Amino acid sequence: MAQVHPINAFNDNYIWAICEPHSQGTWVVDPGQSAPVMQFLREKNRQLKGILVTHHHWDHTDGIAEIRESFPDIPVYGPKDSPYLGITHPLVKGDSITIAGAQYNIIETPGHTLDHICYVNEARAFTGDTLFSGGCGRLFEGSAEQMWQSLSKLSELPDTCEVYCTHEYTLANLAFANAVEPDNTALKTYTVWATQQRAQNRPTLPSTIGKELAVNPFLRANSNAILRHLPESLATPTETTSQVFAKLRLWKDQF
Ligand SMILES: [Zn+2]
């Protein structure tokens, strides 16, 4: 199976490098910067075969033009109808592509942006800014209902499926998660582990779907435990899970 390596970019972005096991072939996900990607390829003696884009934000796409000066013929996969215009191979839901010997299905996950897609299979999910460890992306373009539906699609993946998101936001997310569910023991254990990882400057990622279902309040909006700790200003009656999700998202924005 392909190995996946984090390439650090900006303050807290990871550009994931998917490395073919028996060749130099390498794919990168959301290269917001070119220099760290070029350095990775040089140091590891790897050959870039293509780029995957989850959504149009600059910190996911700004490195692409410069990378393509060195690799003009590689495909740039990404969402169809994206405001980012550098995509050479547009994708829609139901499409699948083969990357480093594994097939990835495309699911549309609007919420953070309207063009957001995730690349998923049973073993791995590249979730961009939709699902983070312990949290989810802000709602810049989509509605809470859309984001809840998007996260619900991801939560249907196997528990063992690894989650590769773009940001190392885990500790900040867990501070919020602990305010939402102070009695969640899985969350407490995970917070201790994540704190140790970051103290040693190690990534907390990849996570897994099973772990996120246990600790991430945004995947747990259908749990009664979530409602108990909502601040008074948000503790009005709710009818649907997506309404609970909307309140959580609002609370996190103010947290
Ligand atoms: Zn974004």
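Atoms within each ligand, like the ligands themselves, are counted from 1 in listed order. Note that this is a predicted model, so its numbers are computed, not measured.
- Not a single N, O or S atom of Asp59, from either the backbone or the side chain, sits less than 2.8 Å from the Zn ion (ligand 1).
- The NE2 atom of His55 and the ND1 atom of His57 subtend an angle of 100° at the Zn ion (ligand 1), given to the nearest 10 degrees.
- Under the ring pair (Phe, Tyr, Trp, His ring centres under 6.0 Å) rule, Tyr164 has a single partner from Phe126, Tyr119, Tyr104, which is Phe126.
- The existence of a salt bridge linking Glu108 and Lys153 is excluded, since no basic side-chain nitrogen approaches an acidic carboxylate oxygen closer than 4.0 Å.
- Evaluated for a ring pair (Phe, Tyr, Trp, His ring centres under 6.0 Å) with His167, the options Tyr14, Trp16, Phe132, Phe10 yield exactly one hit, Phe132.
- Under 2.8 Å from the Zn ion (ligand 1) lies no N/O/S atom of His116, from backbone or side chain alike.
- Side chains of Glu145 and Gln149: a donor on one and an acceptor on the other come within 3.5 Å.
- Among heteroatoms of the N, O or S kind in Asp129, OD2 lies nearest the Zn ion (ligand 1).
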